[in-house]
Protein chains: 2
Amino acid sequence: MTPLAPDPDVLRGLRLFAGLDAAALAETVRSAQTQRVEKGATIFSQGDPATLCHALIDGRVKIVQTGADGQQMVVRYIGPGEMFGTAAVFAGGVYPADALAVADCVAIHWSAAAMGVLMERHPRVAMNALDIVGRRLQEVQTRLREVSTERVERRVAHALLRLARQAGRRVEGGVEIDFPLSRQDIAEMTGTTLHTVSRILSGWEAQGIVEGGRQQVTIRRPHALVAIAEDLPRPLPPA
Amino acid sequence: MTPLAPDPDVLRGLRLFAGLDAAALAETVRSAQTQRVEKGATIFSQGDPATLCHALIDGRVKIVQTGADGQQMVVRYIGPGEMFGTAAVFAGGVYPADALAVADCVAIHWSAAAMGVLMERHPRVAMNALDIVGRRLQEVQTRLREVSTERVERRVAHALLRLARQAGRRVEGGVEIDFPLSRQDIAEMTGTTLHTVSRILSGWEAQGIVEGGRQQVTIRRPHALVAIAEDLPRPLPPA
DNA sequence: GCGCCTCTTTGCGCCCGCGCAAACTGCCCG
DNA sequence: CGGGCAGTTTGCGCGGGCGCAAAGAGGCGC
């Protein structure tokens, strides 16, 4: 976690500051701090007082919530350009989950006080934050419905499609999820066990829909996954 | 849905406008409209363009999301003083769920444009909204973890406790949830079936923990429910 | 290059909770 | 007052997916 001088240009990529003029952006930069986080490190922990708003510049961060009995759930993965920990700062003041770097990261952060000042001076920032948090709320609500009403296979399909959209990299013959993702991780995203995930992926692999590796998944036939996720009439594999 | 002249005083109870001075509150009132909604009516529907921010003054509103195959999930119940539909207005522009009045209601609303102007002029409003939406995000994330990792019985216990906290009315010998709530509704809140909910409530009723009726639940021994929800060593019923 | 360690795969048996079906009950409305 | 209907209860059987257990397979450090 080395503090560095922040680069003004990186803010252009953040939706939080969309619509600000150059002067406001400069002001924003002055109140920010950059940090490097190496793979495996913790950025904040569940239960810590939420004193910092974070934005990820580069790398990948996993947000994990732990229940009373130690059961874990992957809330989401954060990619470059996304905020994290922001909602906690303005709601409750305690981080509701852990943030772990799953790759070497560059992140930028503001103190709660500094962000408060920014928002009061530039309502656009607050409104952008509302937009971001609102979309996230909708996404989580949709996942809640999925977990509540859909079968495991479909939930896994949805999770992979979501990951591909968010963190997919085109490779020959498919889309690869470009950060280390274990079966256990997928299980914790979909509310099942790593055994079940492994079985499902094995089945899909036999049908040529995905290709798995160690902490790695490549989607070979995305439309087939969509068919599973949406329960469209399934294109039968050549019997 | 009769439009009425809004009453300035009702805004005092809304967290969205906490911290505003009298002049700002007056301005807020001018851009608002009040409506009466009778039990059973729909306030907005999933998929509709989100043109209005709502606040409930009196009554009870059920927010229900419907999946592709018609599976329904109760996202939350809204009580007096709470906002609804706000996140959608600033994120995506489409309501992600239906809002149904489960009792006769009085609600107040602002157009998206008017609310945008209010937020730009009074950043506190935007920040309050961020607080509200952020808390709701945290709550839904917690429910997501629950549904993903906990057994049905515990989820039902959590749901009842949450309802009691939000909409409980003390009566002799317990806490009654003060709006019509069917077994089906509880099932849709917890991701199970009405049969399973009915069995669980019957079991609890036999132990004197709850008392059920038609679309009605009274919690007789809240601490026993907490014990189930948290998996504390269970106070055995007299064998 | 060898061995270890983590991640993954796969088999097997069981149980929670769903699906179906039918009976029951209290309200509402005619 | 009597039917009908929505909501609820309960029985029964099955099956998806979990739990446990053990073997296989890469990758990494030494």
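Not measured: the values here are computed from a predicted model.
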Atom [atom1] of [X] and atom [atom2] of [N]: how far apart are they, to the nearest Å?
{"X": "B:Leu194", "N": "D:dA6", "atom1": "CG", "atom2": "P", "result": "14 Å"}
{"X": "A:Lys39", "N": "D:dG27", "atom1": "NZ", "atom2": "P", "result": "13 Å"}
{"X": "B:Gln215", "N": "C:dC28", "atom1": "CD", "atom2": "P", "result": "10 Å"}
{"X": "B:Leu201", "N": "C:dT25", "atom1": "CG", "atom2": "C1'", "result": "17 Å"}
{"X": "B:Arg183", "N": "C:dG26", "atom1": "CZ", "atom2": "C1'", "result": "13 Å"}
{"X": "B:Arg155", "N": "C:dC16", "atom1": "CZ", "atom2": "P", "result": "14 Å"}
{"X": "B:Glu150", "N": "D:dG17", "atom1": "CD", "atom2": "C1'", "result": "18 Å"}
{"X": "B:His195", "N": "D:dG7", "atom1": "NE2", "atom2": "P", "result": "13 Å"}

Is [X] near enough to [N] that one of its side-chain N or O atoms lies under 4.0 angstrom from OP1 or OP2?
{"X": "B:Thr193", "N": "C:dC18", "result": "yes"}
{"X": "B:Ser182", "N": "D:dA6", "result": "no"}
{"X": "B:Ser198", "N": "D:dG7", "result": "no"}

Between A:Lys62 and A:Glu188, is a salt bridge (charged side-chain N to carboxylate O under 4.0 Å, His left out) present by the stated rule, with each step listed?
-> CA-CA 11 Å; A:Lys62 177 163 80 164; A:Glu188 287 178 5; 5.1 Å; no

Please state whether the rings of A:Tyr95 and A:His54 are parallel, tilted or perpendicular, taking 30° and 60° as the class boundaries.
-> tilted

Can you find a pair of side-chain heavy atoms, one from A:Phe44 and one from A:Thr42, that are under 4.5 Å apart?
-> no

Nearest to the side chain of A:Arg151 - D:dT8, C:dC18, D:dC18?
-> C:dC18

Counting side-chain heavy atoms from C-beta on, which of D:dG17, D:dG19, C:dC7 comes nearest to A:Arg199?
-> D:dG19

5' priority, DNA chain D, between A:Thr196 and B:Leu181 [closest heavy atom] | B:Leu181

Compute whether any side-chain donor of one residue and acceptor of the other, for B:Ser182 and B:Gln215, lie under 3.5 angstrom apart.
-> no

Side chain to side chain contact (heavy atoms under 4.5 Å, CB included) evaluation trace for A:Glu82 with A:Leu56 = CA-CA 6 Å; A:Glu82 291 187 281; A:Leu56 190 62; 5.6 Å; no

